[in-house]
Trainee: 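Here it is: the structure, laid out below.
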Amino acid sequence: MDVSFLGGPGPQRGVGVVAPFDFALDRELWRWTPDDVSLHVTRTPYVPVEVSLDLARVISEHETLRDAVSTLTEVTPEVVAYACTSGSFVGGVMGEHAMCEAMSRAGSVPAVTTSGALLEALVELDVRRLALVTPYTVSVTRALEEYVAQAGVTVTGCAYMSLTRQIWKVTYREVVDMARRAAARGRLGAADALFLSCTNLPTYDVIPQLEAELRIPVISANQVTMWAALRRLGTRAVGPYQALIDTSARSGTGIGTGTGTGIGTGTGAGSALPAAGPVVPTGSVLPEGQEPPDVRGVHGVSDAQGVPGAQGVSGVPDEKQQEGWT
């Protein structure tokens with residue numbers, strides 16, 4: 001069959017993505033991307049540094065970001081995005097602004113970061129009270145809380161997983177369990193929205209289901225990154241029914257009213273979650289402003305009021321075992 005009349009593929013618009021060297025969820029980014037947009041992904045160089053807040057700082061140094069953006073210039077993206085949550089909040093709000101400026105100068109195009117996109121999404125959804133889920137350790141999670149506090153947002157509850165590597169292997173069941181705990185009403189009241197932090201944390205399929213159950217907007221690191229980057233192109237992210245990218249899902253006009261989403265039940269078309277069985281938590285839940293009495297090796301659970309549950313202690317010092325990032 002002669003296909004020469006087709007004239008080649010249609011025109012593509014480009015989004016340049018700078019990701020940390022261990023980023024493993026390229027496909028998740030693509031799922032939010034419309035057909036006429038291509039992602040051009042590059043990674044920061046591998047750094048043999050123990051996973052920690054220090055490593056988050058190293059991979060977000062301006063020179064590293066400028067070098068990464070320069071590798072994308074030949075394919076002429078119209079916007080560049082730094083797809084790393086901790087790397088973009090570790091320097092606070094002013095540090096995030098400086099990262100964007102460095103990237104924009106290097107590529108001569110608009111630049112966004114995951115943490116900057118988070119704040120942009122909170123404004124879009126009029127969120128002042130936020131629940132957090134992170135795969136991080138205590139210290140990295142606290143840095144995220146401080147970052148959103150700088151933007152005037154109160155953290156009402158926080159669940160963290162204390163992971164140090166291979167965050168992309170976290171299951172949807174674990175994400176949902178931590179989300180439920182973080183969003184539980186505590187002494188600071190109910191959250192306006194829930195944020196699932198870390199671009200290496202799988203979230204795509206659970207967002208609509210969690211919104212249906214929790215009846216608040218649910219946003220994730222990869223989702224806000226793509227939403228903000230595509231916004232700069234004058235287009236929109238695509239995906240299943242979710243408040244950030246579908247205005248009809250906001251303000252209670254649709255959240256929680258759909259049928260067949262089947263969170264945790266395995267029922268209904270398109271259910272992304274398993275049917276039943278125990279959920280084994282991998283981290284802890286803390287109210288805003290409260291530290292655990294001893295976090296060395298703890299993998300227990302606390303509720304939104306800080307009531308401890310079962311705990312196991314491995315004996316490994318916290319900063320060696322529990323630092324997580326991305």
Side-chain angles (χ1 to χ4, degrees), residues 19-25 44 47 49-60 82-92 95-96 113-115 117-119 130-150 153 155-171 174-179 181-183 194-203 218-225 281-292 294-302 306 314 316-326:
F21 60 84
D22 73 337
F23 180 68
L25 297 181
T44 61
V47 182
V49 177
E50 185 179 45
V51 175
S52 62
L53 279 173
D54 287 338
L55 182 55
R57 294 185 183 99
V58 169
I59 63 169
S60 59
Y82 181 40
C84 180
T85 319
S86 65
S88 54
F89 68 62
V90 69
E96 189 278 332
T113 74
T114 299
S115 295
L118 165 62
L119 299 188
L130 184 67
L132 297 176
V133 168
T134 88
Y136 313 133
T137 61
V138 173
S139 58
V140 182
T141 300
R142 290 295 182 234
L144 174 57
E145 292 182 347
E146 292 167 5
Y147 175 78
V148 297
Q150 289 178 27
V153 176
V155 175
T156 60
C158 181
Y160 69 94
M161 298 179 183
S162 300
L163 298 181
T164 62
R165 59 188 183 276
Q166 297 187 332
I167 292 169
W168 66 88
K169 293 186 177 181
V170 172
T171 67
E174 290 173 300
V175 173
V176 170
D177 178 61
M178 300 298 279
R181 295 173 184 275
L194 171 73
F195 177 55
L196 307 172
S197 188
C198 186
T199 55
N200 240 352
L201 186 69
T203 60
V218 175
I219 55 180
S220 77
N222 284 329
Q223 178 209 42
V224 298
T225 303
T282 57
S284 305
V285 180
L286 299 171
E288 188 274 333
Q290 180 173 327
E291 297 285 352
D294 183 359
V295 297
R296 291 176 300 166
V298 171
H299 291 276
V301 178
S302 302
S314 71
V316 180
D318 172 60
E319 292 303 314
K320 291 186 179 299
Q321 175 183 327
Q322 294 194 359
E323 286 293 351
W325 63 282
T326 306

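Small disclaimer: the values here were computed from a predicted structure and weren't measured.
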Trainee: Which pair of heavy atoms, one from Val148 and one from Glu145, lies closest together, and at what distance?
Mentor: CG2-O, 3.3 Å
Trainee: For a quick test of reading the model, state the closest non-hydrogen atom pair linking Ser197 to Leu144 and the distance between them.
Mentor: OG-CD2, 3.6 Å
Trainee: If we ignore angles and hydrogens, is there a donor and acceptor under 3.5 Å between the side chains of Thr134 and Thr141?
Mentor: yes
Trainee: Rounded to the nearest 0.5 Å, how far apart are CD1 of Ile59 and CG of Asp22?
Mentor: 7.5 Å
Trainee: For the backbone of Glu96 and the side chain of Thr113, can you confirm whether one donor and one acceptor N or O come within less than 3.5 Å of each other?
Mentor: no
Trainee: Report the distance from atom OG of Ser220 to atom CG of Leu201, rounding to the nearest 0.5 Å.
Mentor: 8.0 Å
Trainee: I need the Leu194 CG to Cys158 SG distance, nearest 0.5 Å.
Mentor: 10.0 Å
Trainee: Under 3.5 Å, is there a donor-acceptor pair between the side chain of Ser115 and the main chain of Thr85?
Mentor: yes
Trainee: Search all heavy atoms of Cys84 against all heavy atoms of Ser88 and return the closest pair with its distance.
Mentor: O-OG, 2.5 Å
Trainee: Have Ser86 and Tyr136 got a donor and an acceptor in their side chains that come within less than 3.5 Å?
Mentor: no
Trainee: Mind checking whether Leu196 and Val218 have side chains closer than 4.5 Å, heavy atoms only?
Mentor: yes
Trainee: Under a 4.5 Å cut-off applied to non-hydrogen side-chain atoms, are Val140 and Tyr160 in contact?
Mentor: no
Trainee: Would a distance-only check, ignoring hydrogens and angles, find a side-chain to backbone donor-acceptor pair under 3.5 Å from Thr44 to Phe21?
Mentor: yes
Trainee: How many angstroms lie between CG in Leu130 and CG in Leu118, if you round to the nearest 0.5 Å?
Mentor: 6.5 Å
Trainee: Would you say Thr114's side chain and Tyr82's backbone share a donor-acceptor pair under 3.5 angstrom?
Mentor: yes
Trainee: Minimum heavy-atom separation for Ala131 and Ala182, please, with both atom names.
Mentor: CB-O, 3.5 Å
Trainee: Indicate yes or no: at least one non-hydrogen side-chain atom of Val170 is less than 4.5 angstrom from one of Met161.
Mentor: yes
Trainee: Do Pro135 and Asn200 have side-chain heavy atoms sitting under 4.5 Å apart?
Mentor: no
Trainee: Working to the nearest 0.5 angstrom, can you tell me the gap between Gln150 CD and Leu119 CG?
Mentor: 9.0 Å
Trainee: Ignoring hydrogens, what is the shortest heavy-atom contact between Val175 and Pro202? Give both atom names and the distance.
Mentor: CG2-O, 3.7 Å
Trainee: I'd like to know if the side chain of Asn222 and the backbone of Thr199 have a donor-acceptor N/O pair within less than 3.5 Å.
Mentor: yes
